[in-house]
Amino acid sequence: MQKTIILGVCGGIAAYKSAELARLLVKSNINVQVVMTDAAKKFITPLTFQAITNNKVLTNEHFWTTNANETMEHIHVSRNADLILIAPATANFIAKINQGICDDLLTNICAARNCNLVICPAMNTYMYMNPPNLRNIEQLKNDGVTFVGPETGDQACGETGLGRLTEPQDILIDLNRYLSNSKLKDLKILISAGATSENIDDARIITNRSSGKMGISIANEAFDLGAEVTLIKGKTEVLPHKGIKIIEANNHEEMEQNVLNEASNHDIFISVAAVSDYKADHVFQGKIKKDQNVLNLKLIKTSDILKSTKKLFPNLFCVGFAAESNNLINYAKQKLVEKNLDMIIANELQKTMGEDQAEVVILDKKQEKILPKMEKKLLANSILTEIYDRFKTNEN
Ligand SMILES: Cc1cc2nc3c(=O)[nH]c(=O)nc-3n(C[C@H](O)[C@H](O)[C@H](O)COP(=O)(O)O)c2cc1C
């Protein structure tokens with residue numbers, strides 16, 4: 001069924017960006033009902049939004065209307081909406097709704113809502129950092145209102161800092177979470193992704209060829225499906241979605257520390273990172289000179305993060321990845337048992353590493369299931385469905 005969003009536009013410079021946001025929402029097959037404050041109309045005309053959304057734009061004239069068909073708009077409008085999105089939200093608007101002030105159509109609609117409210121602030125950085133504004137935002141967050149942004153960068157006023165409106169395409173990514181009827185909504189998922197690297201000396205490292213594509217795809221998909229996602233991120237060029245909590249981990253030790261610190265706050269741990277299995281016994285200070293024909297490096301085995309996590313947190317649903325160059329299913333089964341995992345995803349190293357597509361076999365203690373070759377984004381979705389089904393069965 002088509003979703004409906006109320007797009008509230010306030011009187012800030014970034015109001016022109018709402019037109020692009022409205023266009024992207026319409027393109028995503030969302031019915032957009034724009035509501036403008038009086039100040040917003042000084043920056044952009046209702047006609048622009050009407051042309052983009054194909055809907056009549058609501059303004060304060062409709063609040064004080066004498067037209068019998070349009071009375072009580074402030075209540076009726078949100079009854080048909082799946083979400084109210086305010087972009088840009090001014091400091092003035094944020095202050096008003098935090099105080100429960102209802103002096104125009106948009107503040108009334110927000111006060112009388114029966115759906116989620118998402119606010120995208122945009123203002124001068126000093127205005128944003130103004131203590132009353134920060135207090136208002138904090139209070140609204142405590143009341144269950146969601147904030148997207150603001151971002152840091154150059155501002156229309158010539159200053160630089162925190163206060164820019166989040167770019168429309170990024171707002172859209174965030175919205176998917178609230179619009180999807182996802183089963184992952186109440187889940188906290190911890191994911192490790194990317195490659196780690198271990199120092200040999202101050203200039204050289206041992207690392208691996210993992211691109212991080214699979215792990216980040218799973219993190220992004222889980223986030224889009226509504227989960228609260230924490231990503232322990234090794235080296236990768238792939239960008240996680242805004243809104244995912246990211247903790248950087250460059251080497252095995254940082255990866256282990258961060259996973260163990262976060263594990264108790266999560267329901268599921270999906271270990272996708274390609275963590276170094278060995279590290280230098282001794283890290284040289286400075287740079288090793290090139291004066292020997294043969295250089296022997298002594299490597300020592302690192303600990304198994306996934307295994308120790310499951311041991312320390314037996315109630316955490318733990319999913320491993322097994323990338324093997326041969327004997328795929330047997331090795332994956334061994335790992336499943338040895339690490340006491342709830343599920344393992346096996347894939348052939350040569351066919352997967354760095355590629356945009358992959359084929360995997362999913363194994364748990366009872367069954368094996370092949371997920372045929374597909375784009376990693378689609379695969380991430382299927383993998384999360386498999387994880388969710390098993391997680392729910394375990395819970396019951
Ligand atoms: C040129 C100009 C630009 C403004 N830009 C912003 C802005 O980006 N963010 C903001 O919070 N207020 C901004 N303001 C102030 C708001 O327009 C003012 O607080 C207004 O009362 C907001 O009304 P509203 O919240 O009902 O839309 C700006 C004012 C002017 C004159």
Side-chain angles (χ1 to χ4, degrees), residues 5-22 25 32-50 52-53 55-65 73-75 77-78 81 83-113 117-141 143 145-168 170-171:
I5 284 188
I6 295 174
L7 174 60
V9 184
C10 299
I13 292 281
Y16 75 94
K17 289 190 179 174
S18 316
E20 172 64 359
L21 180 57
L25 290 168
V32 181
Q33 173 59 69
V34 173
V35 181
M36 298 178 78
T37 65
D38 283 343
K41 290 195 289 176
K42 308 254 183 217
F43 293 86
I44 184 166
T45 67
L47 189 62
T48 305
F49 289 111
Q50 188 179 301
I52 292 171
T53 63
N55 280 327
K56 181 183 75 180
V57 171
L58 296 176
T59 60
N60 284 331
E61 284 85 66
H62 301 98
F63 184 44
W64 298 115
T65 185
E73 286 284 36
H74 65 290
I75 309 229
V77 176
S78 82
L83 185 91
I84 302 177
L85 170 67
I86 313 292
T90 53
N92 174 60
F93 171 83
I94 292 170
K96 285 201 292 186
I97 52 157
N98 185 40
Q99 291 303 318
I101 293 172
C102 307
D103 63 353
D104 65 0
L105 182 60
L106 189 57
T107 47
N108 273 278
I109 288 172
C110 288
R113 74 184 181 279
L117 174 60
V118 177
I119 293 184
C120 308
M123 63 201 70
N124 167 272
T125 187
Y126 287 98
M127 206 165 172
Y128 182 73
M129 297 308 286
N130 191 22
N133 184 55
L134 294 179
R135 279 199 299 274
N136 287 330
I137 290 175
E138 205 44 45
Q139 179 62 51
L140 285 166
K141 282 183 181 170
D143 291 345
V145 174
T146 301
F147 279 77
V148 177
E151 312 297 323
T152 302
D154 293 339
Q155 301 203 288
C157 54
E159 292 184 326
T160 303
L162 188 61
R164 277 172 63 94
L165 183 73
T166 300
E167 288 303 324
D170 291 330
I171 295 177

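Order of appearance sets the numbers: ligands from 1, and atoms from 1 within every ligand. What you are looking at is a predicted structure, and each value in this text was computed from that prediction instead of being measured. Residue numbers run from 1 in the order of the sequence given.
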What are the two closest heavy atoms between [X] and [Y], and how far apart are they?
| X | Y | value |
| --- | --- | --- |
| Thr53 | Ala22 | CG2-CB, 4.2 Å |
| Ile44 | Tyr16 | CD1-CA, 4.0 Å |
| Lys56 | His62 | CE-NE2, 3.9 Å |
| Met129 | Leu134 | O-CD1, 3.5 Å |
| Ala87 | Leu21 | CB-CD2, 3.7 Å |

For [atom], find the nearest protein heavy atom and state the residue, atom name and distance (0.1 Å precision).
| atom | answer |
| --- | --- |
| atom 25 (O) of ligand 1 | Thr90 OG1, 2.5 Å |
| atom 6 (C) of ligand 1 | Gly12 CA, 3.5 Å |
| atom 21 (O) of ligand 1 | Asn92 ND2, 3.8 Å |
| atom 20 (C) of ligand 1 | Ala39 CB, 4.0 Å |
| atom 11 (O) of ligand 1 | Ala91 N, 2.8 Å |
| atom 4 (C) of ligand 1 | Phe43 CZ, 3.8 Å |
| atom 28 (C) of ligand 1 | Gly11 O, 3.9 Å |

> Which bit of Thr37 gets closer than 4.0 Å to ligand 1, counting heavy atoms only: side chain, backbone, both or neither?
Replying inline: side chain
> Which bit of Lys42 is near ligand 1, meaning a heavy atom under 4.0 Å away: side chain, backbone, both or neither?
Replying inline: neither
>> Could you tell me if the side chain of Ile119 sits less than 4.5 Å from the side chain of Val145, heavy atoms only?
In response: yes
>> What I'd like to find out is whether the side chain of Lys17 reaches to under 4.5 Å of the side chain of Pro88, using heavy atoms alone.
In response: no
> Is there a donor in the side chain of Asp154 and an acceptor in the side chain of Thr160, or the other way round, less than 3.5 Å apart?
Replying inline: yes
> Is the closest protein non-hydrogen atom to atom 18 (C) of ligand 1 under 4.0 Å?
Replying inline: no
> Protein heavy-atom contact under 4.0 Å for atom 31 (C) of ligand 1?
Replying inline: no
>> By the definition side chain to side chain contact (heavy atoms under 4.5 Å, CB included), identify the one residue from Asn92, Ile86, Ile94 that meets it with Cys10.
In response: Ile86
Which of the atoms of ligand 1 are close to [X], meaning less than 4.0 Å from one of its heavy atoms?
| X | value |
| --- | --- |
| Met127 | 10 (C), 11 (O), 12 (N) |
| Ala122 | 7 (C), 8 (O), 9 (N), 10 (C), 11 (O) |
| Ile13 | 3 (C), 5 (N), 8 (O) |
| Cys10 | 27 (O) |

